[in-house]
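Accompanying notes for the structure given below.
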Amino acid sequence: MGPVTERMPSLSPPPADTRRPPSVERLLAHPTAAPVIAERGRTALTGAIRAVLEAVREGRLPLGDEPAILAAAAGRLADEARPSLRPVFNLTGTVLHTNLGRAPLPPEAVDAVAAVMTRASNLEFDLERGERGERDSHAEALICRLTGAEAAIVVNNNAAAVLLVLNALALRKEVVVSRGELVEIGGSFRVPDVMARAGCRLREVGTTNRTHLRDYDEAIGPRTGLVMKVHPSSYAIHGFTAEADGADLGRLCRERGVPFAIDLGSGNLVDFAAYGLPPEPTVQEALRHADLVTFSGDKLLGAVQCGVIAGRRDLLARIRRNPLKRALRVDKMTYAALEATLRLYLHPERLRERLPTLRLLTREAADIRAQAERLLGPVSESLTGWAEVAVEPCTSQIGSGALPVETLPSACLALRAPGGGPRGGGWLKRLGAALRALPVPVIGRIGDGALRLDLRTLEDEAGFLAALAALVPPPTKP
């Protein structure tokens with residue numbers, strides 16, 4: 001018998017899994033497939049199973065047993081069933097956050113939308129005369145009553161309102177605008193670009209920081225179709241500045257026979273000073289001097305996304321006949337939400353309590369601080385391992401281009417790395433991603449080594465705590 005040779009351990013990779021995956025039909029017949037079929041449908045589950053098996057064949061997923069494959073398929077279906085547009089907790093400190101849906105609607109608007117969504121409505125039907133009607137009639141009377149306008153038109157947003165006014169009143173003509181008002185707002189929306197698309201020629205007057213009445217007077221001529229003032233929206237100029245007074249500019253335009261329009265943007269209908277807020281121009285004030293005013297429905301007005309053109313009846317008649325009007329019109333749900341919100345303004349004594357936008361903007365800092373103290377314990381518990389939580393003062397902003405340099409005192413929950421750990425962006429990004437991955441995502445703002453949750457806009461405390469309760473412990477120490 002020859003000498004025994006000790007075998008060295010093999011360094012070759014383990015043998016590949018040569019098992020054949022089960023057939024689609026076999027998986028569909030498995031008992032654990034029945035509840036998924038009942039909820040999602042056989043066709044949907046079949047497609048999900050095939051996708052999982054394809055991933056197994058390509059080596060992107062391991063080959064598990066039949067229940068594991070079905071669980072992976074059911075998980076795919078659950079992910080697909082989750083809506084892309086979802087509610088979130090906006091704790092960024094920006095009350096009217098453009099990226100997070102702007103104004104929350106009052107319950108009256110929600111009920112009005114639900115009432116017209118599921119059945120026929122008199123959208124373009126005159127119930128009194130029994131014939132075709134005008135869809136703007138559902139909001140026009142209320143807009144005129146609240147603003148003092150003679151007529152009004154509703155389109156799908158304020159940019160559309162500006163575009164329609166320019167195209168209807170100044171096509172192939174000049175539009176006189178101060179150089180300091182040629183603004184760009186979110187999404188690269190630029191006033192000069194809109195004018196070009198509307199078929200108008202921009203006539204700039206004045207300088208970036210100073211424009212006088214005489215500048216407009218010298219610019220108005222036979223080719224002038226419109227004079228327009230534009231709300232500065234998301235910026236402010238301080239220092240050596242001047243602008244033409246609206247009343248003087250309105251008189252000049254009437255003397256010269258040229259329409260005068262103001263793009264107000266925010267759509268404010270109330271005196272902010274009466275609520276202890278920084279002053280912001282109202283539609284009513286603008287219409288005392290201008291022939292037309294354009295404004296948004298989902299900013300300070302607190303309603304649904306839309307744009308409103310309000311002003312002189314004869315000019316609105318011309319705008320209504322423009323072919324673009326049909327392309328830019330809104331649907332029955334928008335009219336329902338807008339009308340219901342406008343009706344709240346008829347009861348000004350209760351407006352602060354019933355209109356969410358105004359209620360959030362006027363919350364007292366002391367009340368927000370008390371809420372933060374109340375939430376400190378349960379939030380700290382939910383974030384165990386993730387962060388240390390502290391109550392701190394902060395400032396909120398209105399947002400959506402209204403009062404860009406004004407802030408509101410508030411309070412926040414400041415989340416920092418536990419145990420004085422690293423304050424770098426990596427930890428903050430991981431925590432922010434974890435909060436965004438919750439069933440109802442929580443969106444805060446990052447700055448100075450902390451993720452801050454500004455509580456000015458938090459009204460659903462129970463829902464917020466329930467969302468945080470779903471947060472899983474961090475996989476590694478932050």
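One is the number of the first residue; the rest follow in order along the sequence.
A donor-acceptor pair shorter than 3.5 Å cannot be found between the side chains of Gln397 and Thr407. Judged by distance alone, the side chains of Glu280 and His231 do bring a donor and an acceptor atom under 3.5 Å apart. Side-chain polar atoms of Thr294 and Asp263 form a donor-acceptor pair below 3.5 angstrom.
Between Arg416 and Glu388 there is no salt bridge, since none of the side-chain N atoms of the basic residue sits less than 4.0 Å from a carboxylate O of the acidic one. Salt-bridge check for Arg251 with Asp248: passed, with a basic side-chain N closer than 4.0 Å to an acidic carboxylate O. The pair Arg343-Glu108 fails the salt-bridge criterion, with no side-chain N (NZ, NE, NH1 or NH2) lying under 4.0 Å from an Asp/Glu carboxylate O. Checked for salt-bridge contact, Arg256 and Asp217 meet the test: a charged N lies under 4.0 Å from a carboxylate O.
No option in Leu300, Leu351, Leu344 other than Leu351 meets the side chain to side chain contact (heavy atoms under 4.5 Å, CB included) test with Leu358. Among Val95, Leu408, Leu96, Ile398, the one residue that satisfies the side chain to side chain contact (heavy atoms under 4.5 Å, CB included) test with Leu360 is Val95. Residue Ser396 is tested with Leu361, Leu455, Asp454 for a side chain to side chain contact (heavy atoms under 4.5 Å, CB included); the sole match is Asp454.
Gly449 approaches Trp427 most closely through the heavy-atom pair O-CZ3, 4.3 Å. Heavy atoms only, all atoms of each residue included: Val175 and Ala170 are closest at CG2-CB, 3.6 Å. Residues Arg312 and Asp314 approach most closely at NH2-OD2, 2.7 Å, considering heavy atoms. Considering all non-hydrogen atoms of both residues, Ala310 and Ala149 come closest at CB-CB, 3.7 Å.
Judged by distance alone, the side chain of Gln284 and the main-chain N or O of Leu269 form a donor-acceptor pair under 3.5 Å. In terms of modelled atom types and a separation under 3.5 Å, the side chain of His97 and the main chain of Gly399 share no donor-acceptor contact. Checked by atom type and distance alone, the side chain of Arg363 pairs as donor or acceptor with a backbone atom of Arg456 at under 3.5 Å. No donor-acceptor pair under 3.5 Å is formed between the side chain of Asp448 and the backbone N or O of Ala450. Using a distance-only test at 3.5 Å, with no hydrogens or angles considered, a donor-acceptor pair links the side chain of Arg452 to the main chain of Gly447. Of the possible polar contacts, none joining the Arg203 side chain to the Thr224 backbone as a donor-acceptor pair under 3.5 Å is found. For the pair Glu285 (side chain) and Thr282 (backbone), a donor-acceptor distance under 3.5 Å is present. Between the side chain of Asn167 and the backbone N or O of Ala198 there is at least one donor-acceptor pair closer than 3.5 Å. Listed for the Arg223 side chain is a donor-acceptor partner under 3.5 Å among the backbone atoms of Arg172. Side chain of Asp215 to main chain of Ala219: no donor-acceptor pair is present (N/O by atom type, distance under 3.5 Å, no hydrogens or angles).
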- Kindly determine whether Phe89 and Leu453 satisfy side chain to side chain contact (heavy atoms under 4.5 Å, CB included), including the steps that lead there. CA-CA 10 Å; Phe89 285 102; Leu453 306 179; over 6 Å; no

When you look at Leu249 and Leu252, which way does the side chain to side chain contact (heavy atoms under 4.5 Å, CB included) test go after all the steps? CA-CA 5 Å; Leu249 191 51; Leu252 173 65; 4.2 Å; yes

Kindly determine whether Leu213 and Asp245 satisfy side chain to side chain contact (heavy atoms under 4.5 Å, CB included), including the steps that lead there.
-> CA-CA 8 Å; Leu213 185 66; Asp245 179 74; over 6 Å; no

Derivation and outcome, side chain to side chain contact (heavy atoms under 4.5 Å, CB included), residues His138 and Ser121: CA-CA 11 Å; His138 301 294; Ser121 65; over 6 Å; no

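Lys325 places none of its side-chain heavy atoms less than 4.5 Å from the side chain of Ile319. Using a 4.5 Å heavy-atom cutoff, the side chains of Thr211 and Tyr216 are in contact. You'll find the side chain of Val304 stays beyond 4.5 Å of the side chain of Asp298, heavy atoms only. A 4.5 Å side-chain heavy-atom check between Phe260 and Ile262 finds at least one atom pair inside the cut-off. Taking 4.5 Å as the limit, some side-chain heavy atom of Val162 sits within range of a side-chain heavy atom of Asn158. Leu346 is listed as a side-chain neighbour of Arg145, based on a closest heavy-atom distance under 4.5 Å. Side-chain contact between Glu150 and Leu316 is absent, with no heavy atoms from C-beta onward closer than 4.5 Å. The shortest side-chain heavy-atom distance between Leu77 and Glu80 falls under the 4.5 Å cut-off.
Listed by first and then second residue, the salt bridge (charged side-chain N to carboxylate O under 4.0 Å, His left out) pairs involving residues 368-382 are Arg369-Glu373, Arg374-Glu461 (not counting sequence neighbours).
Taking CD of Glu353 as the reference point, atom NE2 of His347 lies at 8.0 Å (rounded to 0.5 Å). We find the CG-CG distance between Leu315 and Leu292 to be 5.0 Å, quoted to the nearest 0.5 Å. Atom CG of Leu342 is separated from atom CD of Glu140 by 12.0 Å, given to the nearest 0.5 angstrom. Atom CG in Leu438 sits 9.5 Å away from atom OG in Ser382 (nearest 0.5 Å). Distance CZ/Arg210 to OG/Ser178: 11.5 Å, rounded to 0.5 Å. With values rounded to the nearest 0.5 angstrom, Asp271 atom CG is found 9.5 Å from Leu277 atom CG.
Under a cut-off of 6.0 angstrom, the local environment of CZ in Arg197 is sparse, with at most 12 non-hydrogen atoms contributed by other residues, nucleotides or ligands.
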Donor-acceptor contacts, no H, no angles, side chain residues 328-337, under 3.5 Å, sequence neighbours left out:
residue: Arg329; atom: NH1; partner: Glu124; partner atom: OE2; Å: 3.2
residue: Asp331; atom: OD1; partner: Met333; partner atom: N; Å: 3.3
residue: Asp331; atom: OD1; partner: Thr334; partner atom: N; Å: 3.0
residue: Asp331; atom: OD1; partner: Thr334; partner atom: OG1; Å: 2.9
residue: Lys332; atom: NZ; partner: Val116; partner atom: O; Å: 3.1
residue: Tyr335; atom: OH; partner: Asp136; partner atom: OD1; Å: 2.7

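Considering only residues two or more places apart in sequence or on other chains, Tyr345 meets the ring-ring contact (aromatic ring centres under 6.0 Å, His included) condition with none of them.
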